[in-house]
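To keep things clear, I will list the structure first and then write my remarks on it.
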Protein chains: 2
Amino acid sequence: MTTENMMTIREMCDAFDVTPRTLRFYEAKDLIFPHREGTRRLFNRRDRARLKLILRGKRFGFSLEDIRQLLDMYDREGSERSQYLTTYKLAQERMAQMERQRDELIEAIAELKDELADGAEMYRNYTAETGQTPAKKSAA
Amino acid sequence: MTTENMMTIREMCDAFDVTPRTLRFYEAKDLIFPHREGTRRLFNRRDRARLKLILRGKRFGFSLEDIRQLLDMYDREGSERSQYLTTYKLAQERMAQMERQRDELIEAIAELKDELADGAEMYRNYTAETGQTPAKKSAA
DNA sequence: CGTTACGCTGACGTTAACGTCAATTGATCT
DNA sequence: AGATCAATTGACGTTAACGTCAGCGTAACG
């Protein structure tokens, strides 16, 4: 029985491309709870699954605090199935929000583009005033 | 001729729901260049279009530095059309990346769920060791 | 048994994006 | 003129997510 297939902090760092500091930090933030062999940390499969979720959750845009709450939910009793769905829904909602924000951003880009066009027009019969074009200061 | 339809810093703050500090900060970071009437700032339509893009870009997940580079591109001469397309493409790429990251996150969630199931199994013939479930210690 | 080597615990440093506060200045009201 | 109010310029504080460094403990190596 390998019992748990533990890994040292160094092995974890190599496997997940993080620093020891990061792992200790996550532990301090109650995101993972490695065992101790004396003073040293040992990480089991569950720790690894959690870390994986942490790192991917971060990349997706969740804060560590968001993720901690998610993981807490998984720690408290309840159907894994429903918890899974909750998290899934959360990700989908965030995605939908991103889509809306993308559309709004693109709208703003279009407006700035139009603004530039108008600016060029105004420029022709009003000349300067913005100081944007360094070598011009006539007009009175 | 209203000439430019200028707005004071307060009007800007009310219109965009930001603080004066934010506007000065953006100016210090070369994101906007309001005119000066003596010592006071005055914002024109272009400033407003830029601010709009800044705020929406942020919400979408771009850093102020990312946005500065975008705006710089708009300041340098060139076809507004092609610049628009560049920005548009950037937004779409980021969106695609988000989708990939969402999928990876969901995969990690599924794995953690499975891990929990396995854990429960192991629990039945290995009993405790994690200390995760405070109010249970039967099973032998 | 001395010395790397790894790990641990503080504790202070860092970047981004502002918040907060103090000291001034300029404009406005009475 | 005096007071009040809006803005401005420093300058220091704040949060998140670690980086970096110093000082120790200990396990293995020669």
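Proteins get letters first, then strands, A, B, ... in listed order; numbering begins at 1 in each.
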Item to check | Within-4.5 Å side-chain heavy-atom neighbours: A:Tyr26 and A:Leu55 | outcome: yes
Taken in chain and number order and not counting sequence neighbours, the residues that satisfy side-chain contact (heavy atoms from CB on, under 4.5 Å) with B:Ser82 are B:Ser79
Tabulate below the donor-acceptor pairs under 3.5 Å that side-chain atoms of residues 90-103 of chain B make, not counting sequence neighbours, or state none.
unit_1   : atom_1 : unit_2   : atom_2 : d
B:Gln92  : OE1    : A:Arg102 : NH1    : 3.3
B:Gln92  : NE2    : B:Tyr88  : OH     : 3.3
B:Arg102 : NH1    : A:Gln92  : OE1    : 3.2

Over how many whole Å does the gap from [X] atom [atom1] to [N] atom [atom2] extend?
{"X": "B:Leu23", "N": "C:dC18", "atom1": "CG", "atom2": "P", "result": "10 Å"}
{"X": "A:Glu27", "N": "D:dA17", "atom1": "CD", "atom2": "P", "result": "17 Å"}
{"X": "B:Asp30", "N": "C:dA16", "atom1": "CG", "atom2": "P", "result": "14 Å"}
{"X": "B:Leu31", "N": "C:dC18", "atom1": "CG", "atom2": "C1'", "result": "13 Å"}
{"X": "A:Asp14", "N": "C:dG7", "atom1": "CG", "atom2": "C1'", "result": "14 Å"}
{"X": "A:Arg21", "N": "D:dA22", "atom1": "CZ", "atom2": "P", "result": "16 Å"}
{"X": "A:Ile54", "N": "D:dA17", "atom1": "CD1", "atom2": "C1'", "result": "13 Å"}

Within residues 56-72 of chain B, the residues having a heavy atom closer than 4.0 Å to DNA chain C are B:Lys58, B:Ser63, B:Leu64
Of all residues at least two apart in sequence or in a different chain, which pass the side-chain hydrogen bond (donor to acceptor under 3.5 Å, both in side chains) check with [X]?
{"X": "B:Arg68", "result": "B:Glu65, B:Asp72"}
{"X": "A:Thr86", "result": "none"}
{"X": "B:Thr22", "result": "B:Thr19"}

- Item | Salt-bridge contact B:Arg50-B:Asp75 (side-chain N to carboxylate O under 4.0 Å) | yes
| Quick one: is B:Thr22 getting a side-chain N or O under 4.0 Å of the C:dA17 phosphate, OP1 or OP2? | no
| OP1, OP2 of D:dA17 versus side-chain N and O of A:Tyr26: anything below 4.0 Å? | no
Residues pairing under ring pair (Phe, Tyr, Trp, His ring centres under 6.0 Å) where one sits in residues 51-76 of chain B, two or more places apart or in two chains, turn out to be B:Phe60-B:Phe62
Quick note, salt bridge (charged side-chain N to carboxylate O under 4.0 Å, His left out) partners involving residues 14-41 of chain B, not counting sequence neighbours, are B:Arg10-B:Asp14, B:Glu27-B:Arg36, B:Glu27-B:Arg41
With the criterion being N/O to N/O and under 3.5 Å, what pairs connect the protein with nucleotides 5-8 of chain D, and how long is each?
unit_1 : atom_1 : unit_2  : atom_2 : d
D:dT8  : OP1    : B:Arg41 : N      : 2.9
D:dT8  : OP1    : B:Arg41 : NH1    : 3.0
D:dT8  : OP2    : B:Arg24 : NE     : 3.2
D:dT8  : OP2    : B:Arg24 : NH2    : 3.0
D:dT8  : O5'    : B:Arg41 : NH1    : 3.2

